[in-house]
Amino acid sequence: MSFTALSKNINMESVKSISKLTEKEAAKKAARDEELRAIIEGRDKRFLLVMGPCSADNEDAVLEYARRLSKLQDEVKDKVFIVQRVYTNKPRTNGDGYKGLLHQQDPAGEINLVRGMVAVRKMHKRVLTETGLTTADEMLYPDNLQFVEDLVSYHAVGARSVENQQHRFVASGIDHPTGLKNPTSGNINVMFNAVYAAQQKQELMYNGAEVETSSNPLAHVILRGGLTDAGEFVPNYHYDDLVKTIKAYQKGNFKNPFIMIDTNHDNSGKNYNEQIRIVQEVLTNRDWNEDIKEYVRGFMIESYLEDGRQEPGGSVFGQSITDPCLGWEKSEALVRYIADHV
């Protein structure tokens, strides 16, 4: 086994102290977190939107997006509850490409993960304290959860991680809503196995200690479509797919059944404009079927300031450098549409 130490052991409390919430800020987050919990548990009937850039790569652009989204949240607050995607980790299929804000470079151009974690915390805190919105992030690296758990309100386990036992078991110790996606194959049984594991108490080795988790009754499914071996997209947001997913929920012993639809990725065939049509179709199906209306209560939407994507290092302010996203004007109109039809 061969690893080269790039730094001394990281002092978690030292990193966290740089962007720690004040008592007043923590209370504000706790109030929003309770609203979110009530939505997952079905006590609050508002529709949940987890939306924002595919990758939170630029602090200024992410904060400008957050300011606009906060105003929109206030406008639709009676019907819709919005959590902003501040995704600071980016899974890569073969390990190449942009890996997220965590992989921050120092002035010499070298990767400095401590510097990256400080930047991650700063961005989450700024969104919360400057706009009042709470944030979501992907739990790509389970060991890093301890560095952000006080700032992040919604966690997601991605399609490439959902079959991993460490991700499932760590998810069972999270106190916040945690969405688990179907794998890239589209197999929903794998997804439900992950949700079941996350909703149980688990014992595991975590950061050098033997721990027992509390269980996470707020764990739930995210449908994001799948991909065949031939590279064909197989969406799973259509009427029959939703009925199938609901039946799987009903067969199992699950707490707080909740279905979120990821409107991009393999559901859209990575055509970001399709997110608009997908939302419209799902909302129509909710009107048609009471079970769908009861279970399908959230969308995950990839949205930024400008339509589309650019290569890393591009000059377009607020345009994605990973998956293409809806621009602000379309996003704003889509949120208003959702509020009018839920």
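All residue numbers in this chain count up from 1 along the given sequence. The model shown is predicted, which means the values in this text are computed figures rather than measured ones.
For Q73, the side-chain contact (heavy atoms from CB on, under 4.5 Å) partners at least two apart in sequence or on another chain are R32, V76, K77, F81, I82, L133. With sequence neighbours excluded, the residues that form a side-chain contact (heavy atoms from CB on, under 4.5 Å) with E306 are V316, Q319. Evaluation of the salt bridge (Lys or Arg N to Asp or Glu O under 4.0 Å) rule for D229 yields no partner, not counting sequence neighbours. Listed by chain and residue number, nothing satisfies the side chain to side chain donor-acceptor pair (under 3.5 Å) test with R168 (two or more places apart in sequence, or in another chain). In terms of the side-chain contact (heavy atoms from CB on, under 4.5 Å) criterion, residue partners of R68 (sequence neighbours excluded) are, by chain and number, E64, L305, W328. Applying the side chain to side chain donor-acceptor pair (under 3.5 Å) rule to E25 yields the partners T22; only residues at least two apart in sequence or on another chain are considered. Applying the ring-ring contact (aromatic ring centres under 6.0 Å, His included) test to H238 and every residue at least two apart in sequence or in another chain returns nothing.
Screening L49, V127, V50 for a side chain to side chain contact (heavy atoms under 4.5 Å, CB included) involving Q84 leaves a single residue, V127.
Between H155 and H176, the two ring planes are tilted [angle within 30° to 60°].
A donor-acceptor contact closer than 3.5 angstrom links the side chains of T213 and S172. Side chains of S303 and Y65: a donor-acceptor N/O pair is present below 3.5 angstrom, by distance only.
A chain of hydrophobic side-chain contacts below 4.5 Å, direct or via other Ile, Leu, Val, Met, Phe, Trp or Tyr residues, connects M139 to V190.
More than 12 heavy atoms of other residues, nucleotides or ligands lie within 6.0 Å of CD in E59, so this atom counts as buried by the packing criterion. Shown here is K99, whose NZ atom has more than 12 heavy atoms of other residues, nucleotides or ligands within 6.0 Å. Within 6.0 Å of OH on Y196 lie no more than 12 heavy atoms contributed by other residues, nucleotides or ligands. The 12-atom threshold is exceeded at CD of E41, counting heavy atoms of other residues, nucleotides or ligands nearer than 6.0 Å.
Summarising the geometry, atom CG belonging to N264 is positioned 13.0 Å from atom CZ belonging to F299; distances are rounded to the nearest 0.5 Å. Y98 contributes atom OH, which lies 13.5 Å from atom CD of E311 (distance to the nearest 0.5 angstrom). To the nearest 0.5 angstrom, K125 atom NZ is 6.0 Å from L21 atom CG.
For residues 176-185, the salt bridge (charged side-chain N to carboxylate O under 4.0 Å, His left out) pairs, not counting sequence neighbours, are K181-D262. Residue pairs that meet the side-chain hydrogen bond (donor to acceptor under 3.5 Å, both in side chains) test with at least one member in residues 214-225, sequence neighbours left out, are Y154-H220, T178-N216, R224-D266. For residues 243-261, no residue pair satisfies the salt bridge (charged side-chain N to carboxylate O under 4.0 Å, His left out) rule, not counting sequence neighbours. Pairs passing the side-chain hydrogen bond (donor to acceptor under 3.5 Å, both in side chains) check and including a residue from residues 283-293, sequence neighbours excluded, read Y239-N289. Applying the salt bridge (charged side-chain N to carboxylate O under 4.0 Å, His left out) test to residues at least two apart or on different chains, the pairs with a partner in residues 271-285 are E274-R277, R277-E281.
Across all their heavy atoms, R37 and D175 have their closest contact at NH2-O, 3.5 Å. In terms of heavy-atom proximity, A159 sits nearest to N182 at CB-O, 3.3 Å.
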Show the numbers, then the answer: is there a side chain to side chain contact (heavy atoms under 4.5 Å, CB included) between Y304 and V62? CA-CA 8 Å; Y304 212 175; V62 168; 3.8 Å; yes
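A donor-acceptor pair is defined here as one N or O able to donate and one able to accept, closer than 3.5 Å; no such pair exists between the side chain of D44 and the backbone of A38.
By the 4.0 Å N-to-carboxylate-O rule, D57 lies too far from K90 to be salt-bridged with it.
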